[in-house]
**Q** 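Would you mind keeping the following structure in view while I ask a few things?
All figures in this text were calculated on a predicted structure; none of them were measured in a lab. Both ligands and their constituent atoms are indexed starting at 1 by order of listing.
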Amino acid sequence: MNEDLPAIIGGEPVRKNPYPKWPIYDRREEELLLEALKSGRWSVGGRFQEEFERRFAEFQDAKHALLCASGTVALKIALKAMGLKPGDRVIIPAYTFIATATSAIDLGLEIAYADIDPNSYTIDPESVRELLDEKTKALIPVHVAGRPADMDALREIAEERGLMILEDAAQAHGAEWRGRRVGAIGDAGIFSFYQSKNITCGEGGAVTTDSDELADVIWSLRNVGRPRTGPWYEHRIYGWNYRITEFQAAVLIAQLEKAPKLMEIRDRGAEKLDKLLDEIEGVEPPKKDKRVTRHAHHLYIFKYDPTAFSNLPKSKFVEALKAEGIPCSAGYRPLYSYPFLPPSKPLPNTEKASKTEAVWIPQNVLLAGEKDLEDVQKAIEKIKKHSHKIPR
Ligand SMILES: *Cc1c(COP(=O)(O)O)cnc(C)c1O
């Protein structure tokens, strides 16, 4: 009897088995971690950090990669290395993780919020154009969900106005824009290795760039201002300790080795979900863009239309979907809605994505088999059928 009711109001969930857990590891992580432990070099001077930096730079089509404590730190030191000064203005999307804003604010920079494109949910170049002024010095496009922002249009604006571009690729390991991997398409890019990210060591970050000069300054900024070579107590600039350990780098090497295979599995999972969700009226799989030659699928973001679900608000739909055993989230709030961040007039596409439309499914779900993904479709259909019964 109850079986047919949505789980949120007492029925049996569609799915009782968990989706693949994350993070994952095997003997390789164990082996390298133990090697780092036994090496006696737990911080500087070991082999793992340099090896990972070399291999990750190659993986992202960048000349340099520099490890640091987190993606948040990576944003901050990259902006600083780019020479941005207090009072300079950077344009960021309003639909992003909070660190995209706070890293800039911490350096005394002014931030201006651009709206997002209604289909890609990445920064809208037209909205960027409307914000340009004399003080604007840099753009921070965010490759939300692992889908590259429109780097062609952004580079055109940057060239016209002499602006720097820092790619927030925290979610976009391995993603490609017109055949080139993200991270050094702009002047620099940043990545996160936080435990939810597609390549992880718990906490960590990296800056990627093709510029020898930027790489050099970033090296120093994360190393209390030390020059690359020289005595230990020599400090050429004002820096901080933003380093990570050999343990983290050892795990990252093993994770990087797994990345290509996992990317293929996520590609297949996303393709399957596209087909399954396309069959349901009232939800819409993400629109494709030919210029995105590789999507990193850190998130699978679909559009929810409450009117097809008896006007069930997105927040309730997300709760109901979770109760059916499908991991999901309502995603970001507009950054300007936080009282301690700079305000803005409401930006229509950001508002729509946040409040009514965007539903996020985390990447580990895409690692499941095709049959397991059918439960996502079943759960959505079940909620839809009974949506009028779910209390608001
Ligand atoms: C995760 C993330 C960051 C910050 O990375 P941390 O390693 O958690 O500090 C920055 N920007 C975006 C878009 C992210 O998803």
**Q** Before accepting this row, confirm whether a basic side-chain N of the pair Glu257/Lys261 lies closer than 4.0 Å to the acidic partner's carboxylate O.
**A** no
**Q** Please work out, at 4.0 Å between heavy atoms, whether the side chain, the backbone, both, or neither of Val142 comes within that distance of ligand 1.
**A** side chain
**Q** Just let me know how Thr72 lines up against ligand 1, side chain, backbone, both or neither, with a heavy-atom cut-off below 4.0 Å.
**A** both
**Q** Using ring centroids (six-membered ring only for Trp), state whether Phe302 and Trp360 fall under 6.0 Å.
**A** no
**Q** For atom 12 (C) of ligand 1, grab the closest protein heavy atom and report residue, atom and distance to one decimal in Å.
**A** Ala170 CB, 3.4 Å
**Q** Looking at Lys272 and Asp278, does any basic side-chain N land under 4.0 Å from a carboxylate oxygen?
**A** no
**Q** Taking 4.0 Å as the limit for heavy-atom contacts, which would you say applies to Lys197 with ligand 1: side chain only, backbone only, both, or neither?
**A** side chain
**Q** Quick one: hydrophobic cluster around Leu367, which other residues, with the 4.5 Å side-chain cut-off, linked directly or via members?
**A** Trp22, Ile24, Leu262, Ile265
**Q** Look at the aromatic rings of Tyr121 and Tyr95 and report parallel, tilted or perpendicular, splitting at 30° and 60°.
**A** tilted
**Q** Would Arg291 and Asp289 pass as an ion pair if we require N to O under 4.0 Å?
**A** yes
**Q** Determine, step by step, whether Phe52 and Phe193 satisfy the ring pair (Phe, Tyr, Trp, His ring centres under 6.0 Å) criterion, reporting the C-alpha distance in whole Å, the side-chain angles of both residues, the deciding distance to 0.1 Å, and the verdict.
**A** CA-CA 12 Å; Phe52 179 76; Phe193 305 120; 5.5 Å; yes
**Q** Any donor-acceptor pair under 3.5 Å linking the side-chain atoms of Arg161 with those of Thr136?
**A** no
**Q** Could you identify the single nearest non-hydrogen protein atom to atom 11 (N) of ligand 1 and state the distance to 0.1 Å?
**A** Asp168 OD2, 2.8 Å
**Q** Can you list the atoms of ligand 1 that are under 4.0 Å from a heavy atom of Gln171?
**A** 13 (C), 15 (O)
**Q** Please confirm whether Gly204 approaches ligand 1 to less than 4.0 Å, judged on its heavy atoms.
**A** yes
**Q** Among all protein non-hydrogen atoms, which one is nearest to atom 3 (C) of ligand 1, and what is the separation to 0.1 Å?
**A** Phe97 CD2, 3.5 Å
**Q** For Gly71 and ligand 1, does the shortest N/O to N/O distance drop below 3.5 Å?
**A** yes
**Q** Side chain, backbone, both or neither: which part of Ser70 has a heavy atom under 4.0 Å from ligand 1?
**A** both
**Q** Regarding ligand 1, does Ser192 bring an N or O atom to under 3.5 Å of one of the ligand's N or O atoms?
**A** yes
